[in-house]
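Bear in mind the structure is a predicted one, so any value in this text is a computation, not a measurement.
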Amino acid sequence: MTATRAERIRATLEREFAPVAVQVVDESGRHVGHAGNPDGRGETHYAVTLVSPAFAGMGRLARSRAVHAALAEEFATGLHALSLRLLSPEEAQPCDGPGA
């Protein structure tokens, strides 16, 4: 059985970043007519939320570059766009301070 692109993305992110939380959502259907996805079934557009200790001390751009590098093979085979939410475990904790 062949894995879907979402399954491959999840497996790669789990292997590369040892996340405490990962969510991969195929949003290709919302991008009908966009590059490489004329009918919305192209497995081309994804939203990823990734919470990993690997992101501690890294800036947003470095995090994004690391994820894009890890998924280079997917980009080479038709992945077109990622919406990324990349957090360290500390950043993912709810705020308990005033105004929370």
Side-chain angles (χ1 to χ4, degrees):
M1 183 170 132
T2 303
T4 66
R5 187 179 306 274
E7 292 167 340
R8 292 191 311 267
I9 289 171
R10 174 183 289 279
T12 298
L13 296 175
E14 288 174 346
R15 181 180 66 250
E16 296 294 321
F17 298 99
V20 296
V22 61
Q23 180 180 34
V24 178
V25 178
D26 184 351
E27 294 186 335
S28 301
R30 295 177 52 201
H31 298 275
V32 175
H34 289 197
N37 192 26
D39 60 7
R41 293 181 280 157
E43 293 188 310
T44 56
H45 293 71
Y46 289 83
V48 171
T49 299
L50 186 62
V51 180
S52 172
F55 296 141
M58 290 177 74
R60 287 178 37 191
L61 184 57
R63 293 173 187 191
S64 181
R65 286 180 175 159
V67 169
H68 279 255
L71 297 175
E73 178 65 26
E74 294 299 333
F75 279 105
T77 60
L79 176 60
H80 177 71
L82 284 176
S83 170
L84 297 173
R85 184 165 184 249
L86 308 173
L87 305 166
S88 70
E90 295 76 21
E91 293 166 331
Q93 295 299 315
C95 178
D96 294 328

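When all heavy atoms of Leu13 and Pro19 are compared, the pair lying nearest together is O-CD, 3.7 Å. What you find for Gly78 and Thr44 is that their closest heavy atoms are O-CG2, 3.5 Å.
Take Ala81 and apply the side-chain contact (heavy atoms from CB on, under 4.5 Å) test, not counting sequence neighbours, and it matches His45. Qualifying side-chain hydrogen bond (donor to acceptor under 3.5 Å, both in side chains) partners for Thr12, counting only residues two or more places apart in sequence or in other chains: none. Under the rule for a side-chain contact (heavy atoms from CB on, under 4.5 Å), the partners of Thr49 that lie at least two apart in sequence or sit in another chain are Gln23, Arg85. Partners of Ala11 under the side-chain contact (heavy atoms from CB on, under 4.5 Å) rule, at least two apart in sequence or in another chain, do not exist in this structure. Residues satisfying the salt bridge (charged side-chain N to carboxylate O under 4.0 Å, His left out) test with Glu14, not counting sequence neighbours, are Arg10.
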Donor-acceptor pairs are to be reported for all side-chain atoms of residues 59-73 against protein atoms at under 3.5 Å, with residues two or more places apart or in another chain.
| residue | atom | partner | partner atom | Å |
| --- | --- | --- | --- | --- |
| Arg63 | NE | Phe55 | O | 3.3 |
| Arg63 | NE | Met58 | O | 3.0 |
| Arg63 | NH1 | Leu86 | O | 2.9 |
| Arg63 | NH1 | Glu91 | OE1 | 2.7 |
| Arg63 | NH2 | Phe55 | O | 2.9 |
| Arg63 | NH2 | Met58 | O | 3.2 |
| Arg63 | NH2 | Glu91 | OE1 | 3.2 |
| Arg63 | NH2 | Glu91 | OE2 | 3.2 |

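Interatomic distance, Asp26 CG to Arg5 CZ, rounded to the nearest 0.5 Å: 9.5 Å.
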#### Entry: Pair Leu82-Phe75, side-chain contact (heavy atoms from CB on, under 4.5 Å): steps then yes or no
CA-CA 10 Å; Leu82 284 176; Phe75 279 105; 3.8 Å; yes

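Using a 4.5 Å heavy-atom threshold, the side chains of Val25 and Tyr46 count as separate.
A single hydrophobic cluster is seen to contain both Val22 and Leu84, as judged by linkage of ILVMFWY side chains at heavy-atom distances under 4.5 Å, directly or through other members. Note: the hydrophobic cluster containing Phe17 does not contain Val20 (ILVMFWY, side chain heavy atoms under 4.5 Å, direct or indirect links).
Not a single donor-acceptor pair under 3.5 Å links the side chain of Gln93 to the backbone N or O of Glu90.
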